[in-house]
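Everything on this sheet refers to the single structure shown next.
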Protein chains: 2
Amino acid sequence: MKKEQKAADNPAAFERSSCPITNVLDLFGDKWTLLVIRDLVLGKRRYQELIVSPEKIASNILADRLKKLEDAGIITRQAYQQKPARYEYRLTQKGEELQPILEAIITWGLKYYPGTTIFPRIERY
Amino acid sequence: MKKEQKAADNPAAFERSSCPITNVLDLFGDKWTLLVIRDLVLGKRRYQELIVSPEKIASNILADRLKKLEDAGIITRQAYQQKPARYEYRLTQKGEELQPILEAIITWGLKYYPGTTIFPRIERY
DNA sequence: TATAGTAACTTGCAATTTGCAAGTTACTAA
DNA sequence: TTAGTAACTTGCAAATTGCAAGTTACTATA
């Protein structure tokens, strides 16, 4: 639906409605974004670390999701070297506070998808 | 990616990986499915009740999501009259147990999307 | 008998997103 | 000069989303 028509119904200028769930899903409602958050929680930082996962995320999808998360203030992108510039991604406070959502999903998933197991955190110095 | 190649990497035959989050997102990782669950939690039962929401879900998307949720055992579809057959949808126990996920999303959403408010439950007899 | 209304969808198709796989950039190392 | 690396971008086919009209199986009304 056109943004202008939704705006008419929606004076506070949320994208689809004033429901918090709707607004969260506007950012996280796809199959990949919360998996990127998972991997950052587990300690991955660099693009090459994030691209390696059993789910085999496509590199244009990973790049797209990282950009959206950065724009939303969920993660930061920081250079760890200069020539050439290379970057690490970290969760912000806002991003860290997504963990209860992941935990609730894990709780439900472990119960209803027997045989699933939580992935280990990677060691970081 | 082809299902056969993923199956090779994935002996327990999960769609993408053995992570519980991944499996939950295989069903809920889109912008609409958790909103359908929200509306069922709020007491909506019939298709015409579910189709009316500020987010203006498309009727083919609603039908598609209800079918998927029924196939996954999250909701039931029961006739409330016979001629013509007309149906109500209810959450199963498995579906009710999604509420902690919605609650975690709401908690984060209320904090980070100021001005959002939780929708009221509808009165039911 | 004809017409209108209702609820629960289905359909055709355009627009958008996903995902494959190759390519690009800006460096360093050999 | 060539190869390697990390972080993406690109072109394009396949899949999904979403619009809006249509269908089905009934009942109500004139």
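The sequence lines fix the lettering, A, B, ..., with proteins before strands; numbering per chain opens at 1.
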Notebook entry, point to check: Minimum heavy-atom separation for A:Thr116 to A:Leu110, with atom names?
Noted result: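 Nearest pair, atom of A:Thr116 first, then A:Leu110: O-CD2, 3.3 Å.
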Notebook entry, point to check: Where do B:Tyr89 and B:Leu40 come nearest, in terms of heavy atoms and distance?
Noted result: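 Looking at all heavy atoms of both residues, the shortest contact is O-CD2, 3.6 Å.
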Rounded to whole Å, how long is the line connecting atom [atom1] of [X] with atom [atom2] of [N]?
X       : N      : atom1 : atom2 : answer
B:Lys31 : C:dT17 : NZ    : C1'   : 10 Å
B:Asp64 : D:dC19 : CG    : P     : 14 Å
B:Asp26 : D:dA15 : CG    : C1'   : 15 Å
B:Lys67 : C:dC9  : NZ    : P     : 11 Å
A:Asp30 : C:dT16 : CG    : C1'   : 14 Å
B:Leu66 : C:dT10 : CG    : P     : 10 Å
A:Leu62 : C:dT18 : CG    : P     : 13 Å
A:Arg16 : D:dT17 : CZ    : C1'   : 12 Å

Check: Out of curiosity, A:Ile74 CD1 to A:Arg65 CZ, how far, rounded to the nearest 0.5 Å?
Finding: 14.0 Å
Notebook entry, point to check: Just how far is it from atom CD of A:Gln93 to atom CG of A:Leu98, taken to the nearest 0.5 Å?
Noted result: 10.5 Å
Notebook entry, point to check: Do you know which of A:Arg45, A:Lys44, A:Arg90 makes salt bridge (charged side-chain N to carboxylate O under 4.0 Å, His left out) with A:Asp39?
Noted result: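 Checked A:Arg45, A:Lys44, A:Arg90 against A:Asp39; only one passes salt bridge (charged side-chain N to carboxylate O under 4.0 Å, His left out): A:Lys44.
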Nearest to the side chain of [X] - [options]?
X       : options                : value
B:Ala58 : D:dC19, C:dC20, C:dT18 : D:dC19
A:Tyr47 : D:dG18, C:dC9, D:dT9   : D:dT9
A:Arg65 : D:dT17, C:dT18, D:dC8  : C:dT18

Note to self: When you measure from the side-chain N and O atoms of A:Trp32 to the phosphate of C:dT17, is any distance below 4.0 Å, counting only OP1 and OP2?
What the structure shows: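 So the side chain of A:Trp32 is outside the cut-off, no N or O lying under 4.0 Å from OP1 or OP2 of C:dT17.
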Margin query: For B:Tyr112, give me all partners under ring-ring contact (aromatic ring centres under 6.0 Å, His included), at least two apart in sequence or on another chain.
Written below: B:Trp108
Could you run down the sub-3.5 Å N/O contacts of the protein with nucleotides 21-25 of chain C?
none

Notebook entry, point to check: Which parts of residues 73-88 of chain A get close to DNA chain D, meaning a heavy atom less than 4.0 angstrom away?
Noted result: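 Residues of residues 73-88 of chain A under 4.0 Å from DNA chain D: A:Arg77, A:Tyr80, A:Arg86, A:Tyr87.
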Item checked: Side-chain heavy atoms of B:Pro20 within contact of A:Ile118, under 4.5 Å -> yes
Next item on the list: Using Watson-Crick or G-U wobble geometry with both distances below 3.5 Å, tell me the partner of C:dG23, or none.
Entry: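 Across all strands, the one nucleotide that pairs with C:dG23 is D:dC8.
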Margin query: Checking A:Leu66 against A:Arg77 for the side-chain contact (heavy atoms from CB on, under 4.5 Å) test, could you report, in this order, the C-alpha distance in whole Å, the side-chain angles of both residues, the deciding distance, and whether it holds?
Written below: CA-CA 9 Å; A:Leu66 288 172; A:Arg77 177 178 184 263; over 6 Å; no
Next item on the list: Would you check, one step at a time, whether the test salt bridge (charged side-chain N to carboxylate O under 4.0 Å, His left out) holds for B:Glu55 with B:Arg38?
Entry: CA-CA 12 Å; B:Glu55 298 89 3; B:Arg38 175 198 68 190; 2.9 Å; yes
